[in-house]
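Report on the structure given below.
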Number of protein chains: 2
Amino acid sequence: MHNAFRLLALSLACFAAACSGSRSALPAGSGTQPRVVSAGSEARVHLAAELHRLGLEEGRSYEMLKSLLREAPGRLSGSPMAEKAVDWAQRTMQSIGLVNIRRQPCMVPVWERGEVERLELIEGEKRSQLPILALGGSIGTPAGGLDGELIVVRSFDELRTLGRKHCEGKIVLFNRPMPRALRSTFVAYSQTVPQRVSGAAEAAKLGAKAVVVRSMTTLVDDLPHTGVMRYQDGVPKIPAVAIATRAAAQLAARIKKGEKLRLHLELNCRSLPDRRSYNVIGEIAGSKHPEQIVLVGGHLDSWDICEGAHDDGAGVVHALEACRLILAAGLRPKCTIRCVLFMNEENGLRGAHAYDREHVGDKHLAAIESDRGGYSPLGFTTSLRGPALDWAQNLAAALRAYDMGAMIQGGGGADISPLKKRGVPVFGLATISHRYFDMHHSRRDKLEAVNPRELALGAVAVAYLAQVLSEEAGRR
Amino acid sequence: MHNAFRLLALSLACFAAACSGSRSALPAGSGTQPRVVSAGSEARVHLAAELHRLGLEEGRSYEMLKSLLREAPGRLSGSPMAEKAVDWAQRTMQSIGLVNIRRQPCMVPVWERGEVERLELIEGEKRSQLPILALGGSIGTPAGGLDGELIVVRSFDELRTLGRKHCEGKIVLFNRPMPRALRSTFVAYSQTVPQRVSGAAEAAKLGAKAVVVRSMTTLVDDLPHTGVMRYQDGVPKIPAVAIATRAAAQLAARIKKGEKLRLHLELNCRSLPDRRSYNVIGEIAGSKHPEQIVLVGGHLDSWDICEGAHDDGAGVVHALEACRLILAAGLRPKCTIRCVLFMNEENGLRGAHAYDREHVGDKHLAAIESDRGGYSPLGFTTSLRGPALDWAQNLAAALRAYDMGAMIQGGGGADISPLKKRGVPVFGLATISHRYFDMHHSRRDKLEAVNPRELALGAVAVAYLAQVLSEEAGRR
């Protein structure tokens, strides 16, 4: 029945040519020229077609996502919901038929939003509420809140040019919009997110008393988007919130006209001592080289204010459903496919580091992560370069018939970045990202923003890549 | 400032090689081998970049769509809303700065849904309402409705095998689902939509008294999707409705178990005499060859039960915004770019035929239609084949940097199909279609289903193709 797939084991002759690197059996950016078309292409065409059919006709990704979101929405690390997500993951791995299911402990930060979250524009007797969310990791304000005059900057350079004289005692609004005219919204995000992550520290160095950061989205609307921020050692900690883009633009326009604006900020968010949490791990045991591993993963935690449907419920489901599809297709991967659902991607990467630390001796052929939402897959990003990238493009070519065969130089994702540092080839599921930052870290990240077909196709792409990579086991 | 664009006029040397056909200056499926990389590629890269920047940073497509949907939702041909859409289109063309703006009359069918639209499952005293929509063009039932036993088929072959003996006096449910495991949901639609269009006539030939058609969507849910149906001359007219997919599946499952089910159907939809309506046409006059035309278009009408946001508000806006972007970029197209907003695509194509009839003498270089929604553009389908297709792929190559450079053999769309029959090369904007049939012809087709970035990119793609095609004017 699945003879076509067995051909895979006999075919992928391009591997040896492209192979290099020490810890992994896969190429790590150098090597000799691979063949332009791999010998395994026919078998791969069959594999892609069968996984595509199974994923769309008998897929379970959407119902899996619905179940996760119902049981554990808002699963921020250290919260009771995150622990429910751990239980859910363990049960779901069992129901799929994975083996060696286990929890991998890690200590995670605990940050709570609290009950009070208020930014007000003070105009005489009038106080207007502005749409905000505290940033994850922020301290609260003193009881009763704090007041300050608003100043606006677009960059750290502009902030430093203003200097302590203009920043001291002020509330700083970082109002740099995500650039719209980039093909990838992720690139736009990476260009602007430093103001969210480091804005508080940079402003505090100049004596500011709080920061307000324009939300990370290309939309101009009234929905704030949260995310992590970090303090710096030796720099005073000041409160930090995200404000919806429309309000940010309006405040900035008034300041530009020469108005003086005064704000009142009140937060009682807080950090508590670290708690124990877990990555959840399960496997399809390799049939020939069980000691060699292709990792597929996503992150279990999400922000507290949303269901965490795209970020990263979709990635969790992609990893689980990829394993289920491989089993449902009757495939017997040569190496172990290890599904790792990481804890604490959003505000610490503690799960990623625990995994890396404890599996330092394992032979990872490759690691695949899905953390760009459940939108239409385009293909993958990869750490491979040069001839090894050509080889990977060959590997993905059978996905082109489904418009998801791209293999683009890039990273794999945050949770597998420690493996990447060790030289393991990493792959990240790339998606059509136009809608991603509309919902990212906001209340809009819920089930209804996910399309069942688009979600299912992500799992198909991950299953395909995991399977063809697993056929590389034992090839050196 | 726009020197890069002027290079276009000097460059596209591949055209002459690829040129053939009589009425159009563009190739129509044959010709000699074109160059692999066109001479104009650098200028085109600049053109694509500038249009992409303008469309995303200063685009007006989303606000234009919002304005159309606010003024004229549910603009079925012959309805007051359709006439409001005509007014809107004319005003919008004026505001953009198009010239030669005019209304082109055409007589359109007038079908009204009426006030009563009810399908009930009768079980003793109990009557359960089933989620339906009358199909466009259907007759109503006799006053008081009609009752009948339900039979279920999946195809016309199955219906004919049952024969008159089993169909006479029955209500026929056509329950063939749209196949899920196809890359393109449009292909899945084309494989199943005949049951909606011709089901009533085929069932009536065997004596059925009404038909119920499974809605055209890959989702299993409770939302019915309407669409056009057609009677055949000499065959009795019987009422026809679409039922939501979940209800269709449930009814079919009960019949399969051997249950006998009885339904009550009541509709007072009706057709009235044809009324005058209009295509709306406006132009950017060609700077060197105004008599040669590149048409860009979409259709103004929509189904009555929805806002018609994706179908085809998006296409209307793509055509208008493409013209606006060309003007905003300071381009001077060599030939005339004619924006045609067609009336009556949904239930008759009367506007398309009126346009074709009255412009039979015009020299159309090409026609571009957008009628696949405001989702992420993939590129274009085209009627061109062989070397001419290679040439068109070259033309679109500069869009690949934005993941929308596909040029796939196919049609251009319903409204420009009469031009295609005359040998005019046609192009259809191709989109990522996974979500398309979730909303198609249902109440879900509203503004909130449209993403501003995705919509804007469709206009960018249309503007780019219209401009590079216009540079071909006068080349023979």
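Predicted, not measured: the structure shown is a model, and the values here were computed from it. Hydrogens, waters and symmetry mates are skipped; everything else that's a heavy atom, side chains included, is used. Letters A, B, ... are given to chains in the order of the sequence lines, protein chains preceding strands, and every chain is numbered from 1.
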Original post:
Could you name the residues of residues 434-446 of chain A that have a heavy atom within less than 4.5 Å of a heavy atom in chain B?
Top reply: A:His434, A:Arg435, A:Asp438
Original post:
Using a heavy-atom distance cut-off of less than 4.5 Å, which residues of residues 55-65 of chain A contact chain B?
Top reply: A:Leu56, A:Glu57
**OP:** Look up atom CG in B:Leu457 and atom CD1 in A:Ile432, then write down how far apart they are to the nearest 0.5 Å.
**Re:** 9.5 Å
Original post:
Out of B:Asp403, B:Leu182, B:Leu54, which one racks up the most heavy-atom pairs below 4.5 Å with chain A?
Top reply: B:Asp403
Original post:
Side chain, backbone, both or neither: which part of B:Ala401 has a heavy atom under 4.5 Å from chain A?
Top reply: backbone
Original post:
Donor-acceptor pair, A:Arg453 side chain versus B:Arg180 backbone, under 3.5 Å?
Top reply: yes
